[in-house]
Structure formats: C-alpha cells, structure tokens
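The next block holds one structure in the form of structure tokens; read it before the comments.
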Amino acid sequence: MAVKIVHLYPDEMNLYGDCGNIICLKKRLEARNFKVEVIGVGIGDRIPNFDIMFIGGGQDREMKLICKDIRRKSEELTYYINSGKTLLAICGGYQILGEYYKTLNSQTIELTGALPFFTECAKQRMIGNIVFESPFGKTVGFENHGGKTYLAKELQPLGKVITGFGNNGEDKTEGILYKNTFGTYAHGPVLPKNPMLADEIIKRALCVGELQNIDDELEQKCHNSLVSRFT
Ligand code: GLN
C-alpha cells in the first residue's frame with residue numbers, strides 16, 4: 001500500500017521551491033522501502049484520502065485565485081485537521097488555514113477558519129533567513145512574507161524565533177503546531193534543510209514512534225552548517 005501525499009493547489013501555491021518538501025518526504029520514505037503516491041488536488045477537485053497533505057506558499061494574487069475554492073473545501077479540511085491527519089502548510093498555505101488574510105490595501109480575504117488565527121499584511125515585508133527552536137530541534141529556513149499572523153491564545157506555535165521574524169516579528173512565535181498540523185513561514189524548502197522535522201512528519205503520518213535509520217549524513221551536515229551560520 002503506497003503512502004499517499006496530497007499536494008493541494010500544486011499550480012497556484014508553490015513558491016520558492018516549496019515542492020521540494022514533497023520530494024524530500026518521498027525520498028525519505030522510499031529510502032525506508034515505502035512506496036509513495038503524490039496526488040495533485042487543484043481548484044474544483046475533491047480531496048481524496050491521504051496520509052500527508054502539503055500546501056505551499058503563494059503570492060497574494062494566487063491566494064485570491066484559490067480563496068473561493070478553499071472555502072468550499074474548508075469543512076473537510078477542518079475535519080481532517082481535527083481528526084489528526086498530518087498536514088504541512090508553508091507561508092501562504094499556512095495562512096489559508098486561518099480565518100482571514102487582510103491585504104496591504106485592506107481587502108479582507110475570507111479563508112477556511114479551520115484554526116483560530118488571522119493574518120494582516122504589513123508595509124514592511126519580512127524577508128530573510130529564519131532559525132527557530134521547535135520541539136524537534138533548531139529549525140532553519142527562509143521567509144518572505146508581508147502577512148503578520150496572530151494566533152489565538154489557545155494555539156501552540158511551532159516554535160520560538162531565534163533569528164528572523166516568524167509569525168509577526170513581534171511576539172517571537174513562529175508557525176503553528178495543532179495536533180498533526182504543522183504551519184510555518186519557513187521556505188527553503190524547509191524539510192530538506194531540517195531532516196528531523198521531515199522524519200517527525202513521516203512518523204506522525206505512519207503513526208509510528210520510531211523510523212529505520214537512513215544515510216542522511218549530508219543532510220545533517222547541511223542543517224548544522226546553516227544553523228551555525230544564522231545563529
Ligand atoms: N502572500 C502571503 C504574504 O505575503 C504569503 C507569501 C508566501 O507564501 N511566501 O504574506
């Protein structure tokens with residue numbers, strides 16, 4: 001039985017090589033002898049059953065393109081999130097899990113409302129390398145967003161900012177971790193740069209506590225060198 005990875009809006013939400021996260025998950029699963037099936041789900045498509053869902057980043061223009069469709073999908077997306085399905089959402093893909101996104105010219109884009117948070121665009125874009133402390137270790141990536149995200153107090157961030165802006169450049173929070181839903185502003189792509197995060201997502205998708213070790217010495221060296229360079 002293949003591990004199913006759903007790539008939501010592959011044509012619209014896929015900035016700065018974010019699809020590299022899918023390649024990373026696929027390679028790390030195949031290295032452990034799992035078969036992997038990647039299914040693109042676009043505007044108007046139904047969401048099939050999956051083991052991991054991935055949503056990449058998107059410019060404001062693309063977020064407007066998909067907002068009607070994501071609202072149509074919000075009930076099943078909310079169901080999947082609350083039932084503990086594994087999901088990774090990057091930047092704009094993360095933002096669409098919230099209630100709304102207010103653009104620079106104060107246009108409010110209503111979103112899924114799957115989780116209690118909102119995003120409002122600031123004049124000063126938040127661009128640069130980011131390092132944050134997560135429950136899975138120091139995590140490194142690259143951020144480029146105008147949106148400032150504010151989490152409801154009951155939500156747990158994915159991490160605490162060490163270098164960079166994170167959710168809003170104010171409260172030192174970065175991303176979100178709710179059940180098995182991971183949201184982050186870290187492009188990079190984030191998973192190849194952080195093998196421990198990639199394996200955490202795989203473990204949760206497979207509902208296992210441990211994974212067979214693989215030869216990822218190069219990835220670990222890359223991760224460590226980036227963390228030391230940016231902290
Ligand atoms: N358009 C959103 C923002 O500027 C998301 C950008 C992104 O996905 N990199 O905040």
Side-chain angles (χ1 to χ4, degrees), residues 6-24 40-43 53-71 73-74 77 87-132 139-151 155 157-159 161 163-177 181-194 197 230:
V6 156
H7 186 180
L8 197 52
Y9 305 125
D11 298 332
E12 296 85 6
M13 302 292 281
N14 189 2
L15 279 182
Y16 317 126
D18 282 340
C19 58
N21 291 305
I22 290 183
I23 297 168
C24 175
V41 174
I43 294 174
M53 177 182 282
F54 175 76
I55 322 170
Q59 312 275 16
D60 290 12
R61 179 184 168 279
E62 282 76 20
M63 290 173 72
K64 286 179 199 160
L65 276 179
I66 59 112
C67 67
K68 276 207 190 80
D69 188 74
I70 195 68
R71 287 199 296 267
K73 289 180 168 68
S74 57
L77 199 58
L87 199 145
L88 172 65
I90 310 290
C91 204
Y94 157 37
Q95 294 170 343
I96 64 175
L97 303 181
E99 293 148 355
Y100 69 85
Y101 176 85
K102 188 179 275 187
T103 66
L104 208 48
N105 54 13
S106 300
Q107 184 193 359
T108 298
I109 305 174
E110 297 299 332
L111 294 164
T112 61
L115 291 169
F117 68 84
F118 62 88
T119 302
E120 299 192 346
C121 217
K123 278 197 182 63
Q124 184 64 41
R125 289 191 71 79
M126 290 154 275
I127 300 173
N129 293 293
I130 179 171
V131 182
F132 59 94
T139 309
V140 59
F142 182 81
E143 56 184 328
N144 180 344
H145 53 107
K148 291 187 160 188
T149 293
Y150 298 90
L151 306 182
L155 281 180
L158 179 56
V161 175
T163 305
F165 299 94
N167 279 329
N168 48 49
E170 298 160 9
D171 61 14
K172 289 288 182 198
T173 64
E174 158 51 17
I176 190 167
L177 177 55
T181 291
F182 296 73
T184 177
Y185 272 110
H187 296 283
V190 67
L191 294 187
K193 290 187 173 183
N194 303 280
L197 182 60
F230 301 129

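For ligands, and for the atoms within them, numbers begin at 1 and follow the listed sequence. Start at 1 with the first residue, then count along the sequence. On a predicted model such as this, the values are computed, not experimentally measured, just so you know.
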>> A quick test of your reading: do over 12 heavy atoms of other residues, nucleotides or ligands sit less than 6.0 Å from CD of Q124?
In response: no
>> Taking side chain to side chain contact (heavy atoms under 4.5 Å, CB included) as the definition, give me every residue that meets it alongside L15, ordered by chain and number, with sequence neighbours left out.
In response: D18, Q59, H187
> Got a sec, which residues hit side chain to side chain contact (heavy atoms under 4.5 Å, CB included) with F118, two or more places apart in sequence or on another chain?
Replying inline: E99, Y100, E120, Y150
Starting from the N and O atoms of ligand 1, collect every protein N/O partner closer than 3.5 Å and put each pair on its own line with the distance to 0.1 Å.
{"unit_1": "ligand 1", "atom_1": "1 (N)", "unit_2": "G58", "atom_2": "O", "d": "3.0"}
{"unit_1": "ligand 1", "atom_1": "1 (N)", "unit_2": "D60", "atom_2": "N", "d": "3.4"}
{"unit_1": "ligand 1", "atom_1": "1 (N)", "unit_2": "D60", "atom_2": "OD1", "d": "2.6"}
{"unit_1": "ligand 1", "atom_1": "4 (O)", "unit_2": "R125", "atom_2": "NH1", "d": "3.4"}
{"unit_1": "ligand 1", "atom_1": "4 (O)", "unit_2": "R125", "atom_2": "NH2", "d": "3.3"}
{"unit_1": "ligand 1", "atom_1": "4 (O)", "unit_2": "G146", "atom_2": "N", "d": "3.0"}
{"unit_1": "ligand 1", "atom_1": "8 (O)", "unit_2": "G58", "atom_2": "N", "d": "2.9"}
{"unit_1": "ligand 1", "atom_1": "8 (O)", "unit_2": "G58", "atom_2": "O", "d": "3.3"}
{"unit_1": "ligand 1", "atom_1": "8 (O)", "unit_2": "G92", "atom_2": "N", "d": "3.0"}
{"unit_1": "ligand 1", "atom_1": "9 (N)", "unit_2": "N144", "atom_2": "O", "d": "3.0"}
{"unit_1": "ligand 1", "atom_1": "9 (N)", "unit_2": "H187", "atom_2": "NE2", "d": "2.9"}
{"unit_1": "ligand 1", "atom_1": "10 (O)", "unit_2": "Q95", "atom_2": "NE2", "d": "3.0"}
{"unit_1": "ligand 1", "atom_1": "10 (O)", "unit_2": "G146", "atom_2": "N", "d": "3.1"}
{"unit_1": "ligand 1", "atom_1": "10 (O)", "unit_2": "G147", "atom_2": "N", "d": "2.8"}

>> Using the ring-ring contact (aromatic ring centres under 6.0 Å, His included) criterion, which residues pair with Y101? Sequence neighbours excluded.
In response: none
>> Taking side-chain contact (heavy atoms from CB on, under 4.5 Å) as the criterion, tell me which of T181, L115, L97 meets it with L77.
In response: L97
>> Measuring centre to centre across the rings, with the benzene-like ring taken for any Trp, is Y94 within less than 6.0 Å of F117?
In response: yes
